[in-house]
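So the structure is just underneath, and the comments pick up after that.
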Amino acid sequence: MKPKLNASSAVAALVCAALVLLPVYSAATGNIFILTLFTRIVIFALAAASLNLIMGYGGMMSFGHAAYLGIGGYAVGILAAEGIGSGFIQWPVALAASALFALVVGALSLRTRGVYFIMITLAFAQMAYYITSGLSRYGGDDGLTVYKRSDFAGLINLSDRNQFYYLCLACLFGGLYLIWRIVNSRFGLVVQGVRSNEQRMQAIGFHANRYRLVCFVIAGTICGLAGALLANNTDFVSPAVMYWTRSGDLMVMVILGGMGSLFGPVIGAIVYLLLEELLSQFTEYSGLILGPVLLLIVLFARGGIMGLLGRMSRG
Amino acid sequence: MVESLLRVDNLVRRFGGITATDNLSMEVVPGELHAIIGPNGAGKTTLISQLTGQLMPNSGTIHFGGRDVTGLPSYKRSRLGLARSFQITSLLKDFSAIDNVALAAQAHDGHSFRFWGNARKERHLRDAARAALERVGLGKRADIVVSQLSHGEQRELELAVALATKPKLLLLDEPMAGLGVTESARMVSLLKELRKEVTIVLVEHDMEAVFALADRITVLVYGRVIACDVPDAIRKHDEVKRAYLGEQHAVTRHG
Amino acid sequence: ADSVKIGFVSTFSGPTAVIGNDMRNSFELALDHLGRKIDGKPVEVIYEDDQQKPDVGKQKTEKLIQSDKVDFIVGYIWSNVLLASLKTAVDSKTFLISANAGPSQLAGELCSPYVFSTSWQNDQTPQAMGTYMTQKGVKSAFLIGPNYAAGKDMLAGVKSTFKGQVVGEEYTVWPSQLDFSAELTKARNSGAESIFVFYPGAAGVQFLNQYTQAGIKQQIPLYTAFTIDETTLPLQKDNAIGVPGTQQWVNDLPNEENKKFVADYRKKYPGLRPSFYGAQAYDAANLINSAVIAVKGDLTKKDAMKAEMEKANFKSVRGPFKYGNNHIPIQNFYLQDVVKDADGQLSLKTVATIVKDDQDRFHDKCPMK
Amino acid sequence: MADNLLEVDAIETCYGLSQVLFGLSLQIKAGEMVALMGRNGMGKTTTIRSIMGLTPARAGAIRFAGEAVRGLPSYKIAKLGIGLVPEGRQIFPNLTVRENLVAASGNRLGASDPWTIEKIHALFPRLAERTSNMGVTLSGGEQQMLAIGRALMTNPKLLILDEATEGLAPLIRDEIWSCLSMLKGRGQSVLVIDKNVENLARIADRHYIIERGKTVWSGTSEQLIAEPDLQHKYLGI
Amino acid sequence: MYLVIEQLLNGLQFGLLLFLLAAGLTLVFGIMDFVNLAHGSLYMMGAYFAATFVAWTGSFVLGALLALGATLLLGIVLEFSALRHLYGRDHLDQVLATFGLILFFNDAVRLIWGPAGLALPLPTWLTVPVQIIPGVYYPAYRLMIILVALAVAALLYLVVMRTRVGMLIRAGASNREMIGALGINIKLLFTLVFGLGAALAGLAGLMQAPILTVQIGMGENILILAFVIIVIGGIGSIRGAFMAAIFVGMIDTLGRAFLPDLLRKVLSGAAASTAAPALSSMLIYLLMAIVLVVRPEGLFPAAKR
Ligand SMILES: Nc1ncnc2c1ncn2[C@@H]1O[C@H](COP(=O)(O)OP(=O)(O)OP(=O)(O)O)[C@@H](O)[C@H]1O
Ligand SMILES: Nc1ncnc2c1ncn2[C@@H]1O[C@H](COP(=O)(O)OP(=O)(O)OP(=O)(O)O)[C@@H](O)[C@H]1O
Ligand SMILES: [Mg+2]
Ligand SMILES: [Mg+2]
């Protein structure tokens, strides 16, 4: 598994460079919106990357991953609404709440496999959706406005566009690095082994579900971070981020980019969200184009965009 | 009287109307190679699965190394030193051969909640895996992805994986099945060596191999033990001949 | 700037695009009526689709403000999309005109000098219905509505003005409930003299279908808010006949401005009829027009524009109205009914004025005085 | 040679980029029983997959019953009258034993005395006892019996057995061999892969030995027995 | 007492309605093992076709038949042109591809029929409430839905579980290669079965249209419900799907009917009136989660039948 200089790693490197340089471009051209747009893309990329950890490497097809976006976001939003503005409190709470939710959901859901797992994770996310919709103190389904972004004692100013963008980017790169280490670690190999053949792993002495569960919690926590970022980015959090279609979007990003490839979800998030944004500029009927594009990618690019690139470089 | 390594008492396992394991008791003593034979569907695989914990018995007990393991899940039994190969090949298909074996080694090298270092670069795991592969004759195929190995090679890999867990008791479910003549012969000699290090329970329909290797043979029919004895006695056992061997094998001698 | 730039955020995809389209059609018509110029300057409108998702709406709002640098931002069907987008607009001091969404926060604590409404506050319409039911002497009612914020507001609104007895109150799963037979059965067995519902869009079609098919239409009369309008009527058809609703605008309001609006709309978009959503968008265009003219095209004079808009100094299709301190209209509410047109088609018709100069009940909470 | 039922001529087959068969040829006459031998991984199974069109050959020619079949979809090839007992059993796990047999049943070529479920049950009484069990719950050997029974139920012109005795008890194995002799006696053509050279030499007419994707030897049973070197060199006996 | 009976009846008929929705999906997803998110789109197309054809022909029955044929054809075309390449593939590939189809169909419908939706009025003979037991009236049309759902259930069960074609479909889903090696043209068979699944989706769509709506996106929420039912019942089991549909229909209806009053007995009024709607919103999901936690393979796992 040596990193080879092939098309996919070249694209990954290029994209990283472009992401880092984006604020410079934005400042030079005065195009603020591209920064706003990419801040959101970067956040979703982080969420998709975390989903990829369980889906691509762990074989756990969660259809409720958007729940963590909501939980991370609500942790920030509710604390802010209650007058606790410090990010040093908000963010750890966001992570802890996501981890806890993942722990409970994982412990119950991991009894099932395959499509049953897909559906039970969906069920829990929908419950989270309905519960937050009922939080009338915090806006119910109208959502909750976050008046002040998280305050990090002056270390970093989240209201500054560039600083916030770089914070998100740092979280993304940090998340990817973490996932990369995990995937190649002992733990990561076990999780991937369990995906491949659970019975075999069990027979050679691994308690499959324990590894699965830990992996599930890690992914949920990372996604909770994305949720905290998203709430700060939108200055708003509402149950809508947890609706099943959002989880579906995350899945699409992962599969589109390339499941089980480290950088795939990032590419997937960029392509999917950019396509959505750009197409909507040209036509109101973007689905007529986006839909067939997705279909064609599945038909002709196994393993998503990264898979396609990988095959191209192999000739 | 030697202290037994594995003791099974009154084991029962039913599937709907079928009693696949019917009040079965047996013993395996340390150092022996204990063969289990019997007609198809006699309950051999079912027995192995209960021994390793993939299946839970309806009643009865299993003691391993003096400890009651009846209720333990399979991963815990594996840690105690019980390893198996599967009759129907069960490997990590999208991993390379050496990864399969290295993971088995890793399972018995402390816990695996290590999130940071690169496991594929851990020297001692790789070395142990390579050694196990060499042993079964797959040294040259280490980096091939399992799904691209031929059926016979996958059978050999099954054994390497079991070996890498450094078991005290090795439960082999038809290791010869699917092996060619050469490979079978190689497997027999490998088992001959292995038996010096580890106690083995061997389920096999290849009678030449069984008679060549076994210290004792247990014969199952319809989930019950109908005989348990040294090979020569089994060969002559009338009921066994009738139910399983047929006339031909009763007279064939291993050369 | 030598043009007036307007951003328009609404829903143009999915099932609710029908509302977005009506709003856009009406807005375009208003611009046509203005000669596509305001105070001599050409008008440029950028329409953005919020997909009915708050975070998308917020992103579109940001795009309009940051990238397109619009002077006004108009639209917003949904409360949650509006609430998500509000801060961006207010922080950048861009005028935002809600042409539909009217959450209580907007009327209360979140009111802002830069935010105006050409619609209403959510509770006002059902309050008017409650008043009507009381006037009519209805003794008891069974309330049904979807279980989300606006749904609860609506039922609370009715209850605040209805003086009869509320014998039961049911909330249904939103947005996914398919079948209302459990609720209808309960309503019938409750012995209530009337049923009140709030079901916007497709759910309203669905509810009326089931209400009629269950045979309850012959037994217990139905009163509604936001359940029957020109976007749903073509689907509800005869089911809607004789089912009253309340609204601040009905297509047959007798003022000149409205007659022109409705007639030209039907001419420009054959086969379609404007709904109250469109009427609100039409008013929004005229509100902007009045503000720009008042500052003679100098769009930097925000305070002057705000002062002008507060006067509501334009000809609204609903007839004259005032703004409250919170920039929410103080206006009349009418009773509407479904009848057959001269040409045999179904249409809505004003029956009576229920309340005059109604002001929402949250204006006290607004810090602007 | 019109009397060849199956003719495989210089086929080459690859899995992705790795080539496995390098110009392999073999023939089977009607009514003949032919054995395919070779060590593990030499390409026996691949040969069969190529014949069946499961892993289509990239070059060469395959003719069955007078028709060129290379490039045809596998169901068309099977319909011409080939019954396969595949390596690794491949029974349908989600069907019962009976359904596995019924799903396969057919007498397209109009055999006069076709196989029926009753006959299969008579051959393998064990299957009769398990008739309404799901395939997945069968023991390894029972699955193997089912796979053989399923292939017979198609009443093929050519029966192909890829390690069909793997995992069967000696008694049953003997049954299968005598059943094969019986079939041969009835004029059934058979292509068989097995590691039991003794039995093959006893009942097969001709043998092919495969080494690295090529036929390196072919001849009759007498020739095979007469040349112990051969067995040693290619089969390691 | 009447109230309880009537609500039980409501639950039963809602359950059968759900089964009708889930039937086509049981075939395509449960039996053929193809995760078809576009099932909801086919359902929508069925409704749009029906509304269009009924308006054209002026006859409900004729229009419905034409619509059935049209969705059948549409399903076959879809399968033939794209989806057949996805059978052996990972479930997630199927998810992505058919998700693309949802986007496509939603916008295609908006382009063709506009965003407003269509009305599918019932013929008058179906609009009258029928008295089934003294004092209990039932909409005639709903009675018809019950009959159609029962017929579909029986047909599906017989075809899939009792015929050789059914065996071949199930066999083909588990091992396509082998079924081909037995001489069966599995591609053709699957094309036809997919078409049948599409027609069943269309049937559900057009049967629903008069009581629900004909709208863009009408398939999506229903799709989730259909998946919920199949999963609760146990994937691949028609009997399971049938029982689960009735079970869900009952629980959902009875939950909404009686839960608020029950809660009011245990909780304070205010707490109850907030808890009850929240709980009934979650009821179906809660139910599914509980079923799966207790029985991870659904109520009637297909393998154990
Ligand atoms: N999950 C199950 N459900 C029902 N019956 C089962 C199940 N597993 C095994 N059986 C039955 O139990 C009996 C014993 O099976 P087992 O696999 O142990 O046989 P075996 O002795 O290993 O046979 P073989 O030599 O053919 O591998 C068989 O008849 C089989 O059909
Ligand atoms: N799916 C596959 N992808 C890539 N290579 C494969 C695949 N299947 C088999 N091979 C390779 O092709 C070669 C021939 O395999 P084949 O299965 O035909 O051998 P065989 O003679 O049947 O062996 P055995 O006796 O072990 O069954 C082997 O080297 C194997 O590694
Ligand atoms: Mg066995
Ligand atoms: Mg082989």
Side-chain angles (χ1 to χ4, degrees), chain C residues 11-22 52 145-148 151-152 168-186 188-190 201-210 212-216 218-219 230-239 271-272, chain E residues 2-3 6-7 9-11 13-14 17-18 21 106-107 110 114-122 126-130 137-142 208-218 220-222 224-225 249 252-258 260 273-274 276-278 280-284:
Chain C
T11 306
F12 300 116
S13 61
T16 49
V18 63
I19 300 176
N21 281 355
D22 182 46
Q52 205 173 342
N147 183 26
Y148 74 111
K152 291 177 199 159
E169 206 180 331
E170 288 292 323
Y171 292 96
T172 60
V173 181
W174 183 258
S176 55
Q177 187 159 331
L178 306 176
D179 188 77
F180 298 107
S181 43
E183 288 77 15
L184 286 169
T185 300
K186 272 178 116 169
R188 182 166 50 193
N189 285 284
S190 69
V205 180
Q206 198 171 316
F207 186 89
L208 278 189
N209 276 340
Q210 301 187 9
T212 313
Q213 285 164 16
I216 304 181
Q218 288 91 331
Q219 302 169 346
E230 282 81 358
T231 64
T232 60
L233 195 54
L235 306 182
Q236 290 160 329
K237 299 219 155 108
D238 292 356
N239 288 346
L272 294 182
Chain E
Y2 267 157
L3 184 63
E6 210 171 318
Q7 294 292 23
L9 209 63
N10 284 335
Q13 87 88 24
F14 184 47
L17 193 112
L18 291 177
L21 301 179
N106 280 348
D107 278 357
R110 197 151 53 88
L118 297 178
L120 178 53
L122 282 176
L126 281 173
T127 49
V128 281
V130 182
Y137 286 87
Y138 227 68
Y141 187 65
R142 294 208 174 210
Q208 292 305 291
I211 36 174
L212 305 183
T213 51
V214 185
Q215 274 280 340
I216 296 162
M218 62 189 270
E220 275 131 61
N221 288 320
I222 286 171
I224 289 289
L225 257 182
D252 184 60
T253 305
L254 298 185
R256 279 185 289 119
F258 299 114
S273 32
T274 51
S280 62
S281 300
M282 289 191 287
L283 210 56
I284 288 182

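Predicted model only: the values in this text are computed from it and were never measured. Order of the sequence lines sets the chain letters (A, B, ...), proteins ahead of strands, with each chain counted from 1.
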Between [atom1] on residue [X] and [atom2] on residue [Y], distance to nearest 0.5 Å:
X: E:Asn221; Y: C:Gln177; atom1: CG; atom2: CD; answer: 11.5 Å
X: E:Leu225; Y: C:Ser176; atom1: CG; atom2: OG; answer: 7.0 Å
X: E:Ser280; Y: C:Glu170; atom1: OG; atom2: CD; answer: 8.0 Å
X: E:Leu120; Y: C:Leu235; atom1: CG; atom2: CG; answer: 11.0 Å

Taking side chain as everything from C-beta outward and backbone as N, CA, C, O, which of these in C:Gln218 sits under 4.5 Å from a heavy atom of chain E? Side chain, backbone, both or neither. neither

Given that the side chain runs from C-beta out, which part of C:Phe207 has a heavy atom under 4.5 Å from chain E: side chain, backbone, both or neither?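 Answer is neither: C:Phe207 stays 4.5 Å or more from chain E.
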
Shortest non-hydrogen contact from [X] to [Y]?
X: C:Gln210; Y: E:Leu212; answer: NE2-CD2, 3.4 Å
X: E:Ser281; Y: C:Asn147; answer: OG-ND2, 3.2 Å
X: C:Pro15; Y: E:Gln215; answer: CB-OE1, 3.2 Å
X: C:Ala182; Y: E:Arg256; answer: CB-NH1, 4.0 Å
X: E:Pro115; Y: C:Ala17; answer: CB-CB, 3.8 Å

For C:Leu178 and E:Leu21, run side-chain contact (heavy atoms from CB on, under 4.5 Å): C-alpha distance rounded to whole Å, both residues' side-chain angles, the deciding distance at 0.1 Å, then the answer. CA-CA 12 Å; C:Leu178 306 176; E:Leu21 301 179; 4.2 Å; yes

Would you say C:Lys186 and E:Pro260 make side-chain contact, with heavy atoms under 4.5 Å? yes

C:Thr185 vs E:Thr253 side-chain heavy atoms within contact, under 4.5 Å: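 SC-SC contact between C:Thr185 and E:Thr253 ruled out.
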
Heavy-atom proximity to chain C below 4.5 Å, by part of E:Ile224: neither

With C:Leu272, which residues qualify under side chain to side chain contact (heavy atoms under 4.5 Å, CB included), at least two apart? C:Asn25, C:Tyr265, C:Tyr269

Partners of C:Ser181 by side chain to side chain contact (heavy atoms under 4.5 Å, CB included), sequence neighbours excluded? C:Asp179, E:Asn10, E:Gln13, E:Arg142

Step by step, would you call C:Asn189 with E:Glu6 a side-chain contact (heavy atoms from CB on, under 4.5 Å)? CA-CA 10 Å; C:Asn189 285 284; E:Glu6 210 171 318; 4.1 Å; yes

